[in-house]
Amino acid sequence: MFKRIKGILVLAFPLVLKYIFLLCFIDWVLLDVQDLVEDIFFFIIILLLINSGIKRNHLLKNILFFIYLFYLVLETTSYMAVSSNFSSSFMYLLLGSNPDEMKEFSSSYINFSIVLFIIITTLFFFKIRKLSFKNYFKHRNVIAVFGTVIIVFILKFTGLIESNAYHNIVRGAYGYIDLQSSIKFSNDVKKHDINITSNNEVLVVVLGESTARKHMQIYGYDRETTPKLNAIKNNLYVFNNVISTDVFTLKSIPKIITSIDIESNKESNVHLVELFNAAGYDTYWLSNQRPISYHDNVSSKIASASTWFKFYNHLKEKHALVLDEVLIPDYEEILKKSGKKVIFIRLIGTHFDYNKRYPEAYNKFVLNSEGVSKKELLNNQYDNAVLYNDYIVFKLIELLNKQHKKSALLYVSDHGENIYDGTDFFGRSEEIITKSMFEIPFIFWASKDFEYPKDFVYEPSRKFMADHTFESIGHVFGLEHKSMNSQRSIFSNSFQKRDRIVIDKFNFDTYFKIENE
């Protein structure tokens, strides 16, 4: 009996070895049971195929063994390097990286345990390629084909396929190609199309995530969630009547940083990165969100047009553990570089899971979770996340101010968040909307010698919607282009009011006025 299953046991050894290495070299809490289940299904597929007619062809058999072992190498080394399975985001980064970036990545993440696993697996290839497998069942070719198809369908419809390295290779490659051909940007902006009206040197655009204005102390919230921004409030332009167009990043972010707005029907659009590139500025994009995901693909396409860009997070937002402070060292180094520059910073901000968005030092409001309702607990965790977000935005301003250059920083969130605000749920939905899903922070800071436009005005209660942030940034920083209209700028004394239509159908001001009545 043992001889009959010996081949299966030997073939299973590299899979077992994977989990031995993971248990020895990574934090156990990072292991996902879904990965284990998907690995078992993948192993069954290999067994089915190796027991088919493939085993008679030495070349095909060796290719199958290589595919199996290379899969384990990808999965295991990915976990040991960045604490995650091999995701589609990794594939995006590989395709978008140059040789120097690949060299930097390798030197930063390759360690003894990774090298050891690769060596053992490589040596094992020469062992298993000599294995012989008995015929365990009749009609093995038919069973192999149908069994593989059935398992793939199971993986697909259960979502387990998201843990498969080969699926993510294909998805990442497709996502990378799709990004280059999805939304059409002009790509033909010329320097002579742009008029620079100021001598400002550094602009920082901070794109927040899921941050509701009503949970910020600086906007009147009764908890001390923004003590650092409050301390410099006299140096800030704090706009208190700005809303997002949508409740999902996928729809809101493109409208913030491109010429796309709620009335847009253009075949070709312009984004801020290409405008500042054409104007002669160095552009940088630092993101603590995934490059390939349901939410941020368009942002990643825009980011890839930057002079230099970097993504720090590769996990699904819900599971991401990378705190926003990871951006700070690179941000400091960029500020020290000579020349005029524009830096875009994409935070993970206060995205759910809220308790993963701050270190223990910022655990101010969750002192004891025992006997606390889910509603109260999530409010406390969310307020902790806002408190940490306050530190991040303040730190970005502080470091920028130390450069003593003509500089400015704009902080705006992609959308808000509902934390049981008059409803019995948290998060966001297009079916059940609340004011807090749309009400976002919009805060502007400028250095003492910053050159403002001549028609600059500060009206903190001005009714504004974030899809005209594009024009507002160009106007206040001194960049003019035919795609921009200064009458749309929140900073202009010629600002023109309009209906604020959210999610393409509701007039925000009349809808919530009626709701409140």
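We number each residue from 1, following the sequence as shown.
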Could you tell me if Asp421 and Ser436 have a donor-acceptor pair between their side chains, going purely by distance under 3.5 Å?
yes
Specify whether [X] and [Y] have parallel, tilted or perpendicular ring planes, treating 30° as the upper limit for parallel and 60° as the lower limit for perpendicular.
X: Phe456; Y: Tyr452; value: tilted
X: His215; Y: Tyr382; value: perpendicular
X: Phe438; Y: Phe508; value: perpendicular
X: Trp285; Y: Phe344; value: parallel
X: Tyr362; Y: Tyr388; value: perpendicular

Pair Arg498 + Glu263: basic N to acidic O under 4.0 Å:
yes
Could you tell me whether Asp414 and Arg346 have a side-chain N and a carboxylate O separated by less than 4.0 Å?
yes
Pairs where residues 442-451 contributes a residue and the test salt bridge (Lys or Arg N to Asp or Glu O under 4.0 Å) is met, not counting sequence neighbours:
Lys406-Glu451
Only counting residues at least two apart or in another chain, list the ones meeting ring-ring contact (aromatic ring centres under 6.0 Å, His included) with [X].
X: Tyr458; answer: Tyr237, Phe239
X: Trp445; answer: none
X: Tyr411; answer: none
X: Tyr331; answer: none

Looking at every non-hydrogen atom in both residues, tell me the closest pair between Val242 and Arg213 and how far apart they are.
O-NH1, 2.6 Å
Paired with Leu207, the side-chain contact (heavy atoms from CB on, under 4.5 Å) test is passed by just one of Ile345, Leu347, Thr249, Ile256, namely Ile256
Holding to side chain to side chain contact (heavy atoms under 4.5 Å, CB included), I want the full list of residues that pass it with Glu480, two or more places apart in sequence or in another chain.
Asn195, Thr197
